[in-house]
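Accompanying notes for the structure given below.
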Amino acid sequence: MIIKPKGTIDLLSDDAKKWKYVNRIIDELMEKYNYNYIRTPLFESTDLFKRTVGESTDIVSKETYDFLDRGERPMTLRPEGTAGVVRSFIENKMYGDPSLPIKVYYNGTMYRYERPQSGRDREFTQFGVEVLGTTDEMVDAEIISIPVNLCKLLGLKGLKVKINSLGDQESKDKYKEVLYNYFKDKIEGLCPDCKARLEKNPLRILDCKVDKDSDILKNAPKMLDYLNEASLIRFNKVQDYLNSLEIDFEVDSNIVRGLDYYDHTVFELEANVKGFGSNNVLCGGGRYSKLIEELGGPSMSAMGFAIGLGRLVMALNLEEVDMKYKKDVDLFIIYNTEVEKQYAAKLINDLRLNGFVVEMDYLNRNIKGQFKQADRLNTKYYLILSNDDLINNEIKLKNSKTKKEEIVNLDYLLYFLEENIENEDLENEENLY
RNA sequence: GCGAUUAUGGUGAAGUGGUUAACACGCUAGGUUGUGGUCCUAGUAUGCGUGGGUUCGAUCCCCACUAAUCGCCCCA
């Protein structure tokens, strides 16, 4: 038997319906925000990701799916969405669009060659947005509001929004130096991983899980104290806008994103959900002011975020949020003879074109089996064909809940169904998806 | 890359060094029910992840492999 590759999933049955529902909410929300859907390639030149990731190089070589195409060109399955969007922004000269900023959203699969664990697969889906071509603080706030509002619409509670500012290049460099010097002589008190991080990426010591309660970390110099004036003013403005948007947030100076290209605002959304694995960060994002230029575009700033749909749906499931999807079928046509089956074929087509969800048996089950199957599918009405009725231009309907049977004249069938089924749907609209 | 745990039928699972591998659900057939849902009867793993080893004998002990789950690292 051939089995699926490690770290991949088959999205099936009810889970698939839940994802469809979440995706629909995403699309609707992005319409309101007036962000455009963008789809970039699933694979890009390896160079693109090498450059965006920057200094922390070993990430790329170790954790991406790399391959040579038949022309021996190095290619990489995208590990994230930002790089492709920025590449597209430059390649399509969107920076010249008079209606800047460019506001786009993507929703697609990403690939990282990692050891799978709870909330982490090798193939996973991210919904994300990017706003390119403005430094306006309102955009920072607006972008943070998107995942917050998405969760609100979905009914997910227990979220924590954490924000921080890394400041501009000047502030960032200065802070890194201060931090390095601070940790240098205290490194013996930290965990082995942190020792390695000191040289590689001292910022990440700040969100170490092992040492998070140690005094060394608690007394470490804070990024916010090293922001220069312009950066600080900017950060305060972002917070003002967040308050206007009525978003609860917490400034956490330990929020550091892993990559070099971020500056100014960075943020994360944490799920405080019981039963969640150790990977409880639902979404993260931030501003990046140098990346567009580094990839050969003009000097423009942008900001974005991405949210993992797998983790989002996991959180929704744990919180027992009702992801509204259609759980039943309207009608199941029950037949006995071949003549009746022929008629069923005609009828099923008519009914479907008139907007009903209709099923019939395809396994030559006997009547009993057909009823069973209809029940499995949560049928609202059984439509029981019999030659005698058909000759009289009539059809027998049985309500699966009330057990009430009615003989309906065929000419009035649609009218009857609209009365009885569509009204029911209107009463509980959550049944729609 | 490192570590822990697990691996029995369509599903959830119990179990033992030795003739027929519990139980439940599901499924199939038949009976009852005015045509299903209730109820009754029967059937439903020659097999316990794969390959070796120990043993008179292994699903149960040992080793390797594979896979799953969770954690570390990393987290774009």
Side-chain angles (χ1 to χ4, degrees), chain A residues 1-9 44 48-65 76-86 110-122 124 126 128 130 191-197 200-201 203-204 207-210 255-262 266 268 275-286 288 291 304-308 311 332-336 340 361 363 365-379 381-386 389 396-403 405:
Chain A
M1 186 179 55
I2 297 171
I3 58 171
K4 64 183 173 342
K6 188 189 276 289
T8 61
I9 60 159
E44 300 262 8
L48 175 65
F49 301 113
K50 276 209 172 124
R51 274 205 241 168
T52 52
V53 170
E55 301 302 303
S56 333
T57 47
D58 47 331
I59 294 176
V60 150
S61 55
K62 278 188 186 150
E63 305 197 343
T64 52
Y65 276 92
T76 296
L77 297 185
R78 63 183 181 196
E80 50 106 15
T82 303
V85 170
V86 172
M110 310 291 164
Y111 299 84
R112 295 181 195 172
Y113 194 88
E114 299 180 284
R115 183 69 72 90
Q117 68 189 73
S118 178
R120 184 159 89 181
D121 283 313
R122 289 185 171 180
F124 57 98
Q126 282 190 337
E130 310 291 343
C191 75
D193 290 325
C194 282
K195 285 172 194 158
R197 282 193 269 249
K200 233 167 47 184
N201 195 352
L203 284 181
R204 287 212 73 91
D207 61 3
C208 175
K209 280 175 201 158
V210 180
I255 296 290
V256 202
R257 308 256 66 220
L259 292 194
D260 292 346
Y261 60 66
Y262 286 112
V266 291
E268 284 180 1
F276 223 73
S278 61
N279 295 314
N280 68 336
V281 176
L282 279 186
C283 113
Y288 47 95
L291 184 60
F305 87 90
I307 183 165
R311 283 186 202 176
F332 193 100
I333 302 178
I334 289 168
Y335 61 89
N336 206 356
E340 287 162 7
D361 171 62
L363 290 180
R365 279 185 256 247
N366 57 21
I367 299 284
K368 182 173 171 168
Q370 291 185 45
F371 271 103
K372 271 197 166 178
Q373 176 68 358
D375 287 336
R376 278 188 284 257
L377 300 176
N378 286 316
T379 299
Y381 273 89
Y382 315 114
L383 212 156
I384 305 155
L385 296 186
S386 92
D389 289 343
K396 193 189 274 179
L397 284 152
K398 181 166 179 175
N399 184 309
S400 66
K401 286 199 192 90
T402 65
K403 319 299 177 225
E405 281 188 20

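In what follows, chains carry the letters A, B, and so on, assigned in the order in which the sequence lines appear, proteins first and then strands, with residues in each chain numbered from 1. In what follows, every heavy atom counts, from backbone to side chain, and hydrogens, waters and symmetry copies are set aside.
- For B/A76, neither phosphate oxygen OP1 nor OP2 lies less than 4.0 angstrom from any side-chain nitrogen or oxygen of A/Thr64.
- Under the Watson-Crick or G-U wobble criterion, with both distances below 3.5 Å, B/G9 has no partner in any strand shown.
- Nucleic acid contact for A/Gly277: sugar-phosphate only, since backbone atoms but no base atoms lie under 4.0 Å from a heavy atom of the residue.
- A distance-only check finds a donor-acceptor pair linking the side chain of A/Arg122 to the backbone of A/Glu114 [under 3.5 Å].
- The P atoms of B/U50 and B/A4 are separated by 24 Å, rounded to the nearest whole Å.
- Put simply, the side chain of A/Arg311 gets close to the backbone of A/Val281: a donor and an acceptor are under 3.5 Å apart.
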From CA spacing to verdict: side chain to side chain contact (heavy atoms under 4.5 Å, CB included), A/Ile384, A/Phe371: CA-CA 10 Å; A/Ile384 305 155; A/Phe371 271 103; 4.0 Å; yes
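- The partner of B/G34 is absent, by the rule that a Watson-Crick or G-U pair needs both atom distances under 3.5 Å.
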Would you list the protein and nucleotides 25-29 of chain B atom pairs, both N or O, that sit under 3.5 Å from each other?
from: B/C27; atom 1: OP1; to: A/Arg376; atom 2: NH1; distance (Å): 2.5

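- Figure legend. B/A14 is base-paired to no nucleotide; pairs are counted as Watson-Crick or G-U wobble with both atom distances under 3.5 Å.
- Counting non-hydrogen atoms under 4.0 angstrom, A/Asp375 reaches a base of the nucleic acid.
- Put simply, the side chain of A/Asn336 never gets that close to the backbone of A/Ile367: no donor and acceptor are under 3.5 Å apart.
- With a 3.5 Å ceiling on both atom-pair distances, the Watson-Crick or G-U wobble partner of B/U28 is B/A42.
- With a cut-off of 3.5 Å on both Watson-Crick or G-U wobble distances, the partner of B/C65 is given as B/G49.
- Distance CD1 (A/Ile367) to P (B/G34): 15 Å, rounded to an integer number of Å.
- Within 4.0 Å of A/Ser118, counting heavy atoms only, lie sugar-phosphate atoms of the nucleic acid but no base atom.
- A/Gln126 has its CD atom 15 Å from the P atom of B/C75, to the nearest Å.
- Look at the C1' atom in both B/U16 and B/C75: the space between them is 46 Å, to the nearest Å.
- Rounded to the nearest Å, the gap between the C1' atom of B/A67 and that of B/C27 is 28 Å.
- If you take atom P in B/C65 and the same atom in B/A24, they sit 40 Å apart, rounded to whole Å.
- In this entry the distance linking CZ of A/Phe305 with P of B/A76 reads 14 Å, nearest Å.
- Distance, A/Phe371 CZ to B/U38 C1': 15 Å, rounded to whole Å.
- Electrostatic pairing of A/Arg257 and A/Glu268 counts as a salt bridge here, judged by a charged N lying under 4.0 Å from a carboxylate O.
- In this structure, B/C2 forms a base pair with B/G71, meeting either the Watson-Crick or the G-U wobble geometry with both donor-acceptor distances under 3.5 Å.
- Separating the P atom of B/U66 from that of B/G51 is a span of 15 Å, rounded to the nearest Å.
- The side chain of A/Arg120 contributes no N or O atom lying less than 4.0 Å from OP1 or OP2 of B/C73.
- A straight line from CD of A/Glu114 to C1' of B/C73 spans 10 Å, rounded to a whole angstrom.
- For the atom pair CZ (A/Phe332) and CZ (A/Arg376), the distance works out to 9.0 Å, reported to the nearest 0.5 Å.
- For the C1' atom pair drawn from B/G18 and B/U55, the interatomic distance equals 12 Å after rounding to whole Å.
- Summarising the geometry, atom CZ belonging to A/Arg197 is positioned 7.0 Å from atom CG belonging to A/Asp207; distances are rounded to the nearest 0.5 Å.
- Residue contacts shown for A/Lys396 include a base, since a base heavy atom lies under 4.0 Å away.
- B/U20 and B/C48: their C1' atoms are spaced 16 Å apart (whole Å).
- As judged by a 4.0 angstrom heavy-atom cut-off over every strand, A/Arg197 is placed among residues touching the sugar-phosphate backbone only.
- In this structure, the CG atom of A/Leu77 is 15 Å from the C1' atom of B/A76, given to the nearest Å.
- Scanning all heavy atoms of the two residues, the minimum distance from A/Ser400 to A/Thr379 falls at OG-O, 2.6 Å.
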Does the pair A/Gln370 and A/Tyr382 meet the rule for a side chain to side chain contact (heavy atoms under 4.5 Å, CB included), with working shown? CA-CA 10 Å; A/Gln370 291 185 45; A/Tyr382 315 114; over 6 Å; no
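- With sequence neighbours left out, the side chain to side chain contact (heavy atoms under 4.5 Å, CB included) criterion links A/Ser278 to A/Gln117.
- Counting to the nearest Å, the C1' atom of B/C74 and the CG atom of A/Asp207 are 11 Å from each other.
- The side chain of A/Gln117 contributes no N or O atom lying less than 4.0 Å from OP1 or OP2 of B/C70.
- For the pair A/Arg115 CZ and B/C2 P, the interatomic distance rounds to 7 Å; values are reported in whole Å.
- For the OP1/OP2 pair of B/G71 and a distance below 4.0 Å, the side-chain nitrogens and oxygens of A/Ser278 include at least one atom meeting the criterion.
- Within the nucleic acid shown, A/Arg112 comes within 4.0 Å of at least one base atom, counting heavy atoms only.
- Spacing between B/G49 and B/G9 at atom C1', rounded to whole Å, works out to 14 Å.
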